[in-house]
Amino acid sequence: MKRATPAAENVSPSSSHAESPALQQSEKADRAGSSGAESMGDGNSSPVRERRAPALISGNEALALAARDAGIALGTGYPGTPSTEILEELDRQGGRAQWAPNEKVALEVALGAAYCGARALVTMKHVGLNVAADPLFTAAYTGVAGALVVVTADDPGMASSQNEQDNRHYAAAARLPMLEPADSQQAYEFLLTAVWISERWGIPVLLRPTTRVCHGKSIVRFERGAPAAPAARYEKDVRSRVMIPAHAGPAHRALEAKLKAIAAWNDERGPNQAVSRGVSGAPAIIASGIAAMHALEAAPQADVLMLGMTYPPPLGLIRRFAAAAAAEGHPLHVIEEGDPVLAERLRAAGLNVQSAPEDYRFGELNVNRVRAILSGETAPTAATPAGQPPRLCTACPHRSVFSVLRDLNCIVAGDIGCYTLGVLPPYEALDTCVCMGASIGVGLGMRHVLPREEAKRVVSVIGDSTFIHSGLTGLVEMVYNPPPTGHVVLILDNGTTAMTGLQEHPGTGRRLGHEPTARVDFEEVIRAIGIREVHVIDATEDVQAFETLLRVCLDGEQPAVIIARRPCMLAAGRIRRYEKAAAETAAGACGCAEGEER
């Protein structure tokens, strides 16, 4: 991926990095009255904590290194492609990183840290922000005492997702600033900038990379950093932190005032770049993220305004760019992946911009598609060549489960994970898949309305990590509002979060770095909820016994849970190593030899 600063081009930021004396004095006064912590300057430059040689790294690695350099005290999140590697790399770099049960809990944990003046990071894929939306919207009102950066990694084209929602909508809806990096260099720089913005205005900041930025690699020069983070502290501030109506009204007004100030900063000194080629009659382009990189390559003669902070947008800067383009007779295009968010926002502001035909809002952009947009092509784009379809691994323990579900002609409400592949041949044993944890609720709904004999065929299938994520409340619903025919929930426990790369979860008894911790006992939790019929079986070792058990539960017309437990074959060796290491550590701690009774 090429950087956007070829030597032959005239590249200028939205303004000089130097601040006006008046603003410097204002910001110094603001900071002097708050924590006394060192400032990160103007968000564009700050002293480097640790010098590194330039490196060819992915966007996710760059985000992790920036988090380390920014003094992030706590990184938390839930695995989800394309964001997973950020916290894993932060852990490898010696930072404090941990998996949460789900994205909502992760955001709440990070919010608590940021309330105490610490710098916190939350990572998730785009659909994870749906889960975290409840605390997110109110966190915009409460603000933070430290810094809170929320990385929401979008997946245009759905390389590994159930939808391609455009999370730029969240910035406007939640009234939070959003940064969009175009490559690994910007991923590193923008996370540092996000920390500065969050501390400067006491507001959570959204950072939106996309799949190609997360996984693509480019050279990163570590010319920025951040001063040491202040020590965490708690200062009582009930009016800001307790959102009863009497406090929420003033907080809403304060939030809008923050956004106006951030918009002014973005317009004058934000992380935006104007690339001027000076070619008469060439198009002028406004873009952000990876789309800006495609535009630079697709139109080598065009003037390009690369927006780094897309919300609140730098409307003054954009108007000046548009006016210059109009004066030169350049057509003004908006190139963006996904929904026409930026184009509609600029049209609402009174700007005449051209955007892509509707067909281009589906899937990822690339250089050829951008060329087609700029040339005015309206024909549907060619379909991506079909590749090898995904499938369950040869020795996957889910195979025997789906064979039985298929043979029994079950109606299967499915969920998110490797087992979603049970929808494909030769099994074709999945009937629904909506979102994390939906299998149980959807299955219950089917049971409530279908004729008796048909209802008795309904089974909800959910994985172990997904069960922890959002399956527990479904079981509560099953006990509280049981269908007349009961229900059967099948938990496929393979001992890992397999689909995203074999991550740990609270049911494995190991933390993000694989060190031992308390394990959530599925059987005990399920019985505590009030379900009497709880069975554990290895469906691969004895397929016939599993089929018999499933038949009995389906005919029993009672709430029942079957846990099909067998380690993922890709994780089995690792799990044995982790368990051996934990046993050796425990033996050393108690001073007895391994295998000795203790």
Side-chain angles (χ1 to χ4, degrees), residues 27 30-40 43 46 49 63-64 66-78 86-87 90-91 93-124 129 132-152 174-177 191-207 225-244 247-248 250-251 254-255 258 262 511-512 517:
E27 292 189 357
D30 288 344
R31 292 189 291 270
S34 56
S35 66
E38 288 181 270
S39 161
M40 283 193 222
S46 56
R49 296 184 64 200
L63 289 168
R68 191 78 173 113
D69 289 352
I72 293 293
L74 177 64
T76 182
Y78 184 82
I86 301 169
L87 290 184
L90 178 58
D91 178 69
Q93 293 293 331
R96 185 175 180 181
Q98 59 192 45
W99 294 128
N102 63 32
E103 296 87 355
K104 178 179 183 290
V105 174
L107 180 54
E108 291 160 347
V109 169
L111 186 59
Y115 281 164
C116 295
R119 294 172 181 168
L121 172 71
V122 192
T123 69
M124 61 195 73
L129 199 56
D134 196 357
L136 179 77
F137 277 66
T138 303
Y141 278 33
T142 67
V144 293
L148 176 57
V149 180
V150 180
V151 175
T152 167
R175 311 298 286 162
L176 291 174
L191 193 139
L192 299 177
T193 300
V195 170
W196 178 81
I197 292 169
S198 186
E199 287 187 339
R200 169 66 180 82
W201 281 283
I203 190 171
V205 176
L206 298 171
L207 197 156
R233 70 207 180 282
Y234 176 71
E235 294 181 6
K236 196 175 183 70
D237 187 358
V238 172
R239 292 190 65 84
S240 295
R241 304 288 182 253
V242 183
M243 283 298 105
I244 58 175
H247 297 167
L255 173 60
K258 290 177 183 179
I262 294 170
R511 300 182 68 239
L512 184 148
T517 187

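Closest heavy-atom contact between A118 and A232: CB-CB, 4.4 Å. The minimum heavy-atom distance between N102 and Y78, with the atom names listed, is CA-CD1, 4.0 Å. The two residues A147 and A114 have their closest heavy-atom pair at O-CB, 3.7 Å. Here the closest non-hydrogen pair linking Y141 and A251 is O-CB, 3.6 Å. Of all the heavy atoms in G71 and A229, the pair that sits closest is O-CB, 3.6 Å. Of all non-hydrogen atoms in A97 and L512, the two that sit nearest each other are O-CB, 3.9 Å.
At least one side-chain heavy atom of V149 sits less than 4.5 Å from a side-chain heavy atom of V195. Side-chain contact check for L87 versus D91: every heavy-atom pair is 4.5 Å or farther apart. A 4.5 Å side-chain heavy-atom check between V151 and L121 finds at least one atom pair inside the cut-off. At least one side-chain heavy atom of L148 sits less than 4.5 Å from a side-chain heavy atom of L107. The shortest side-chain heavy-atom distance between L207 and L63 falls under the 4.5 Å cut-off. Between R239 and P250, some side-chain heavy-atom pair lies under the 4.5 Å cut-off. Residues M124 and L129 are in side-chain contact: their nearest non-hydrogen atoms beyond the backbone lie under 4.5 Å apart. Contact check for V109 versus Q98: side-chain heavy atoms found under the 4.5 Å cut-off.
Of the inter-residue distances, the one linking E103 atom CD with E108 atom CD reads 11.5 Å to the nearest 0.5 angstrom. From F137, atom CZ reaches atom CE of M243 across 16.0 Å, with rounding to the nearest 0.5 Å. For the atom pair CD (Q93) and CD1 (I72), the distance works out to 14.0 Å, reported to the nearest 0.5 Å.
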Exercise for the section: Start with the C-alpha distance between L136 and L176, add both sets of side-chain angles, then the distance that settles side chain to side chain contact (heavy atoms under 4.5 Å, CB included), and finish with yes or no. Expected result: CA-CA 9 Å; L136 179 77; L176 291 174; 3.6 Å; yes
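When atom types are taken as modelled, the side chain of K258 and the backbone of G202 share a donor-acceptor pair closer than 3.5 angstrom. In this structure, R119 contributes its side chain and A70 its backbone to a donor-acceptor pair below 3.5 Å.
Defined by atom type and a distance below 3.5 Å, a donor-acceptor pair is present between the side-chain atoms of T142 and Y115.
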